[in-house]
Structures are given as C-alpha cells and as structure tokens.
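The structure under discussion appears below in the form of structure tokens.
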Amino acid sequence: MEFRTLGNSGTVVSAQALGTMTFGAEADEATSHLILDSFLESGGTFIDTADVYSSGASEEIIGSWLASHPTEREQVVIATKGRFPMGTGPNDLGLSRRHLGRALDASLRRLGVEQIDLYQMHAWDAFTPIEETLGFLNDAIGQGKIAYYGFSNYLGWQLTKAVHVAKAHGWAPPVTLQPQYSLLVRDIEHEVVPAALDAGIGLLPWSPLGGGWLSGKYVRDQAPTGATRLGENPERGMEAWKQRNAREQTWTIIDTLKSVADAHGASSSQVALAWLAAHPSVTSVILGARTVAQLTDNMGAVDLKLSPEQLDSLTAASAPRADDYPYGVAGVAQRNRNLEGGR
C-alpha cells in the first residue's frame with residue numbers, strides 16, 4: 001500500500017480509502033465486517049462514511065467493528081460527513097451550528113469514538129453563512145471532537161471562499177475536498193482541481209469507477225440486467241444507462257481502458273483507479289464495494305504503474321468537453337503568458 005499525507009495536514013493515510021455507502025444497504029453487517037477486515041489486511045488505513053449512509057447504519061456497523069478490533073482502531077483514520085437530512089424537521093439538515101452540533105455528537109456515538117479524524121461538510125448550504133459553519137468546525141477542533149475538517153461536492157469558488165474566510169479569522173483551514181471524479185467525470189478540472197491545488201487541499205475522489213461503468217462489465221447498446229447497480233436500477237441518478245450509453249465518448253474511454261488493461265494483464269477497474277491516483281491533486285481514492293472480491297480487485301490498482309504514454313492515451317480519450325472560452329484553448333491561452341514577452 002502507498003501512503004500519503006491527508007491533504008495539507010501531517011496525518012498519513014493509505015492512497016486508497018474504503019467508502020462505506022454500501023454498509024447497511026447493499027452489504028449487511030457481517031459482509032461489511034469482512035470487507036473491513038480485508039481492507040486492513042491489504043494495508044488500508046483510511047475509512048470514509050457519512051451519517052446519512054443507510055440512516056446512520058453505516059456508522060453503527062463501523063462502530064461495532066472498531067469496538068471488536070481495539071488494535072486496528074488505533075491505526076485507522078476515520079472520516080465521516082454531516083449536512084443531509086437525518087430527520088423531517090427544517091433544522092434536521094444543513095450546516096448551521098444547531099444541526100452540525102447534533103449531527104457530530106450523533107456520529108461520535110454511532111462510531112463509538114471520542115474524536116473523528118476528518119469531519120466533512122457533505123455539500124454546500126446556501127442558507128447558512130460560511131462564517132457560522134467554519135466557526136463551529138474550529139470550535140469542534142478546539143474541543144477535541146474532530147482533528148481536521150474538509151468538504152464534499154463544493155465548487156471551486158466555494159472552496160476558495162472557505163479557505164480565505166478561515167484564514168481571515170485565524171481559524172484552522174480545511175484539509176480535503178471530496179468530489180465526484182473519474183475518467184467519465186472530469187469537469188472539476190476546470191475550476192475545482194486548480195482551487196484545491198492552489199490551497200494545498202487534497203482530493204478524495206468518490207465514484208472513481210463511474211458507478212461501475214469503468215469496470216468493463218457493461219456492453220454497448222445492451223441494457224444491463226442482473227445483480228449490478230444499473231441492472232437493478234437502469235435509471236440510477238447520474239449513472240443512468242441511457243444517458244451514458246448514448247454518449248460516444250463513454251465507449252471510447254471503455255475501449256481505451258481495456259486496451260491498457262490487456263497490456264498489463266490487469267482489470268479495467270484497476271487501470272481507471274491507477275489513472276486517477278496518478279494525479280498530483282489526489283490524496284486518496286475512495287473505493288466502494290459490495291463484496292470482498294470487488295474490493296480485492298480494486299486494491300490491486302496500488303501496484304499498477306501506467307506509462308506516460310498510457311496515461312496520456314487515457315487522458316486524451318476522456319478529455320472533458322470545453323468551448324473555446326473560458327475553458328477551451330483560447331481561454332487557457334489567456335491565462336498564461338510568455339516570459340519572453342511579445343505580442
């Protein structure tokens with residue numbers, strides 16, 4: 001396993017994180033514990049969850065595992081999130097002091113820990129002043145309830161604003177951002193990735209396999225069936241079958257992945273994960289697994305080193321669409337200049 005610092009902090013985490021959204025939903029407690037065992041045995045140390053995952057069940061499952069593994073408990077780094085509804089009332093969600101105070105204490109109880117290593121704001125809250133949210137997080141660090149904080153699903157301007165508000169008040173800065181990022185979803189490279197690099201914030205990509213699309217298990221123009229996420233629900237959110245199947249670039253990416261995978265005797269999933277982990281902005285790639293077998297295959301990406309030519313071929317095949325301005329060639333040219341001068 002490779003290890004990296006958690007964003008701009010001094011804490012060290014594995015370059016692959018175990019995402020636990022499946023715990024309590026697609027994986028029962030026994031299976032979830034086996035997945036946790038396998039992850040730790042393979043060298044993983046970073047576990048990511050959220051209060052909203054299975055309405056708290058994911059945190060409870062992790063908590064019961066931690067309680068039965070006192071030695072491992074001292075080594076793992078635990079990340080969770082708050083923001084989304086945990087009740088039906090108007091104050092049962094958001095990034096206000098009121099909601100976050102209750103949400104954080106509930107997560108600590110479910111996980112059975114005295115301190116959460118990384119507490120993440122699950123999404124932006126347009127109604128709560130950012131000073132209120134950041135003030136709460138700084139206080140929570142002072143109280144010893146959390147060690148660090150980060151964000152998830154923030155836009156570039158939101159991340160930059162948070163960084164500078166925290167700095168202006170002398171508060172602890174954010175250390176990470178958790179965005180959707182994969183060969184299929186690269187639009188964050190326009191604004192979010194540069195903002196993160198500028199602030200020294202580490203990215204924790206979620207859905208690095210595009211909801212299973214990059215595993216190579218789907219076939220063009222053949223609607224998925226069976227025990228897969230899209231087989232069970234072809235219209236599943238951003239991963240919906242019709243939308244991505246109709247996009248020519250989807251299959252260009254999948255074909256390129258297979259070509260590189262065949263050259264290495266690896267799986268398409270491993271190549272997709274290795275491409276993402278090679279980006280300088282990425283701290284740890286979040287793996288989501290229903291089974292131990294899926295996790296084992298994904299963790300094989302740690303030992304896979306792609307050549308510069310292979311990285312370039314994947315990058316070219318998956319290039320996000322951009323008009324000339326502001327993200328295309330013309331816009332990029334305006335943001336640079338020749339040191340030699342000239343017109």
Side-chain angles (χ1 to χ4, degrees), residues 17-27 32 46-63 78-113 116-137 139-140 145-146 148-159 161-162 174-182 185 188 192 201 203-208 210-211 229 233 235-240 284 286-288 290:
L18 179 62
T20 62
M21 189 170 68
T22 60
F23 287 13
E26 298 166 274
S32 299
F46 191 19
I47 300 170
D48 178 76
T49 187
D51 59 359
V52 75
Y53 293 168
S54 300
S55 299
S58 177
E59 290 182 328
E60 290 172 350
I61 288 171
I62 294 169
I78 302 294
T80 192
K81 312 177 197 71
R83 191 298 196 173
F84 288 126
M86 292 298 286
T88 59
N91 288 309
D92 291 334
L93 75 163
L95 301 183
S96 67
R97 276 185 173 273
R98 185 183 190 281
H99 175 65
L100 287 178
R102 289 162 171 77
L104 176 56
D105 285 345
S107 288
L108 287 165
R109 285 195 302 271
R110 286 189 289 265
L111 290 165
V113 298
I116 289 168
D117 299 304
L118 177 65
Y119 194 49
Q120 301 161 101
M121 306 300 93
H122 213 155
W124 180 259
D125 179 356
F127 293 102
T128 301
I130 195 166
E131 292 82 359
E132 180 176 343
T133 301
L134 296 180
F136 168 82
L137 294 168
D139 290 346
K145 291 185 175 182
I146 65 175
Y148 307 105
Y149 72 90
F151 307 115
S152 181
N153 305 311
Y154 273 39
L155 299 177
W157 72 266
Q158 295 165 346
L159 177 63
K161 181 175 183 178
V175 300
T176 57
L177 174 69
Q178 189 174 141
Q180 181 178 196
Y181 194 17
S182 72
V185 182
I188 69 165
V192 176
I201 286 175
L203 297 185
L204 309 174
W206 61 266
S207 195
R229 290 178 179 176
N233 180 13
E235 302 305 317
R236 181 187 172 99
M238 292 173 284
E239 306 158 6
S284 188
I286 298 175
L287 310 178
R290 293 183 175 192

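When atom types are taken as modelled, the side chain of N91 and the backbone of H99 share no donor-acceptor pair closer than 3.5 angstrom. Judged by distance alone, with hydrogens and angles left aside, the side-chain atoms of Q158 form a donor-acceptor pair with the main-chain N or O of L155 at under 3.5 Å. Of the possible polar contacts, one joining the D117 side chain to the I78 backbone as a donor-acceptor pair under 3.5 Å is found.
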Determine, stepwise, if the pair T128 / T133 fulfils side chain to side chain donor-acceptor pair (under 3.5 Å). CA-CA 7 Å; T128 301; T133 301; 5.2 Å; no
Evaluation steps, side-chain contact (heavy atoms from CB on, under 4.5 Å), between S58 and M21: CA-CA 7 Å; S58 177; M21 189 170 68; over 6 Å; no
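For the atom pair CD1 (I47) and CD1 (I62), the distance works out to 6.0 Å, reported to the nearest 0.5 Å. Residue E132 holds its CD atom at 8.5 Å from CG of L100, rounded to the nearest 0.5 Å. With values rounded to the nearest 0.5 angstrom, T176 atom OG1 is found 13.5 Å from Y119 atom OH.
The heavy-atom pair separating P205 from S284 by the smallest distance is CD-O, 3.2 Å. Scanning all heavy atoms of the two residues, the minimum distance from M86 to D51 falls at CE-O, 3.3 Å. For the residue pair S54 and G24, the shortest heavy atom distance occurs at OG-C, 3.4 Å. Considering every non-hydrogen atom in both G19 and I286, the closest pair reads CA-CG2, 3.5 Å.
Judged purely by distance below 3.5 Å, without hydrogens or angles, the side chains of Q120 and S152 never pair a donor atom with an acceptor atom.
The aromatic rings of W124 and Y154 sit perpendicular, their planes meeting at an angle over 60°, well past the 30° parallel limit.
Checked against salt bridge (Lys or Arg N to Asp or Glu O under 4.0 Å), D48 has the following partners two or more places apart in sequence or in another chain: K81. For R97, the salt bridge (Lys or Arg N to Asp or Glu O under 4.0 Å) partners are D139, not counting sequence neighbours.
Residues D105 and K145 are paired through a salt bridge, judged by an N-O separation under 4.0 Å between the basic side chain and the carboxylate.
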